[in-house]
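Take a look at the structure below.
In this text the structure is predicted, and so the values were computed from the model without any measurement. Each chain gets a letter, A, B and so on, in the order the sequences are listed, and its residues count up from 1.
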Protein chains: 2
Amino acid sequence: MSANIKESLYTATELATSLGVTSRTLRFYETKHLIQPKRVGNRRVYNYKDRARMQLILRGKRIGFPLDDIKEFLDLYDSDADRTPQIQLLVNKVENRIKQLTEQQQDIETTLDELREIHSIASETLKNKPKIRWSST
Amino acid sequence: MSANIKESLYTATELATSLGVTSRTLRFYETKHLIQPKRVGNRRVYNYKDRARMQLILRGKRIGFPLDDIKEFLDLYDSDADRTPQIQLLVNKVENRIKQLTEQQQDIETTLDELREIHSIASETLKNKPKIRWSST
DNA sequence: CTACTACTTTACGTTAACGTCAACTTAAAG
DNA sequence: CTTTAAGTTGACGTTAACGTAAAGTAGTAG
């Protein structure tokens, strides 16, 4: 039976397609040290950890963070708090990030409230208006 | 007594400064039809509605939306649902936006959970470690 | 072996969102 | 009146995040 590890390897095209990005994106993120794929010959191979890391990256992008911020978050995420000599720095950075995201949540909540109000008014208008039959020309 | 309206007018520099942006940003948003300031002579003047609109724009940016999306949202926000012939279109667009923001909220909540876990582990490590006194040099 | 496919690297292009700067115009101060 | 300050417009520069394409390399099929 083939080694389990073989079944979780992806080519660049496979990984890109499954995540809805391009191979160019993967190469670009590699130059930014966001991901570090291995090589078989001169071809990149990605494992499940690379894939998981990419998923975190894409979530960060959906939230609206620049790639440098995402890298910082991933480094926090991966850091071994038992060993880093700057645990206090880690705590501070994490607290800043939490604050930032909480503020973003509040902005979103405010915007959602407004959108729901617009939706309610517009729907009410649709319900109350008699259906107009337009004569075709 | 001077007209009330006079007191709510801003120059470009005044508005920019109060919002934490540059005059260049205001001019740029004008070319994108996000705002429409009036002119006194050849100088732009902004009223409280322009200011309020700018605040919505900046909130949209904080959430991570591109300016074109923000403009679309503002147009929804300003639209008079009683008159627009495409009320159903409005409803659809609003629903899509609500969906998008709700998904973004979920991404943020997931990220916050992870950050809080990191914070907890790191804080615990700090608490349990003996405080080290470094000799100064 | 050759031809084809699928990768690679390198490098320039594109888009979004302004920043920066030169040159000009207008309002206000002296 | 002149000088200064504070706007204006036009245009190029910068950064971030890739897209596109040319040229090269390696693996695979025939």
Does [X] reach the main-chain N or O of [Y] with its side chain, forming a donor-acceptor pair under 3.5 Å?
X	Y	value
A/E14	A/T11	yes
A/S120	A/R116	no
B/Q104	A/I63	yes

How many Å lie between [atom1] on [X] and [atom2] on [N], as a whole number?
X	N	atom1	atom2	answer
A/L34	D/dA16	CG	C1'	13 Å
B/R27	C/dC21	CZ	C1'	11 Å
B/F28	D/dG13	CZ	P	17 Å
A/D69	D/dA16	CG	P	11 Å
B/K38	D/dT8	NZ	P	16 Å
A/R43	D/dT25	CZ	P	14 Å
B/K32	C/dT15	NZ	C1'	9 Å
B/L26	C/dG19	CG	C1'	14 Å

Would you classify [X] as touching base, sugar-phosphate or nothing, given that sugar-phosphate means primed atoms plus P, OP1 and OP2, and contacts are heavy atoms under 4.0 Å?
X	value
A/F65	nothing
B/R44	sugar-phosphate
B/T22	sugar-phosphate

Original post:
Is there a donor N/O on one and an acceptor N/O on the other, under 3.5 Å, for the side chain of A/R24 and the base of D/dG19?
Top reply: yes
Original post:
Are A/R59 and B/T111 close enough that a side-chain donor and a side-chain acceptor fall under 3.5 Å?
Top reply: yes
Original post:
Given A/K71 and A/F65, is the side chain to side chain contact (heavy atoms under 4.5 Å, CB included) satisfied, shown in steps?
Top reply: CA-CA 10 Å; A/K71 182 182 184 315; A/F65 285 130; over 6 Å; no
Subject >> Given C/dT8, D/dA17, C/dA27, the nucleotide with the shortest approach to the side chain of A/P66 >> reply: D/dA17
**OP:** Would you indicate which nucleotide in C/dT8, C/dC7, D/dT9 comes nearest to any side-chain atom of A/R39?
**Re:** C/dT8
Short side-chain N/O contact to [N] OP1/OP2 from [X], under 4.0 Å:
X	N	value
A/K61	D/dC18	yes
B/T13	D/dA6	no
B/Y29	C/dC18	yes
A/T31	D/dA17	no

